[in-house]
Amino acid sequence: MLYPLPEKFHGLADIETIYRQRYLDLISNPASRERFIKRSKIIRVIRHFLDSQDYFEVETPMLHPIPAAQRRVPL
């Protein structure tokens with residue numbers, strides 16, 4: 001089902017909606033859109049610099065379904 005976009009004047013008011021549905025926030029809030037554009041450009045410049053210095057990017061998992069501390073066995 002297709003819902004109408006939020007009003008341009010009021011924008012999104014619910015914080016949870018802003019975080020869970022970023023696309024709505026980016027469409028309805030120019031300040032958010034500019035912030036994301038700046039962030040993207042900064043990350044691009046940093047990656048370009050590190051690439052030129054022969055660094056490479058490694059992705060590591062940040063959220064584990066089972067935290068390591070719970071898997072410990074007492075002695």
Exercise. Only counting residues at least two apart or in another chain, list the ones meeting side-chain contact (heavy atoms from CB on, under 4.5 Å) with Y55.
Key: L50, Q53
Self-check item: Heavy atoms from other residues, nucleotides or ligands near CZ of R22 exceed 12 (cutoff 6.0 Å)
Solution: yes
Quiz item: Honestly curious: do I42 and V45 fall in one hydrophobic cluster under the side-chain, below-4.5 Å linking rule?
Solution: no
Exercise. Enter the distance from R20:CZ to I15:CD1 here, rounded to the nearest 0.5 Å.
Key: 13.0 Å
Self-check item: From CD (Q21) to CG (L26), nearest 0.5 Å
Solution: 12.0 Å
Quiz prompt | Listed partners of R35 passing salt bridge (Lys or Arg N to Asp or Glu O under 4.0 Å), at least two apart | solution = none
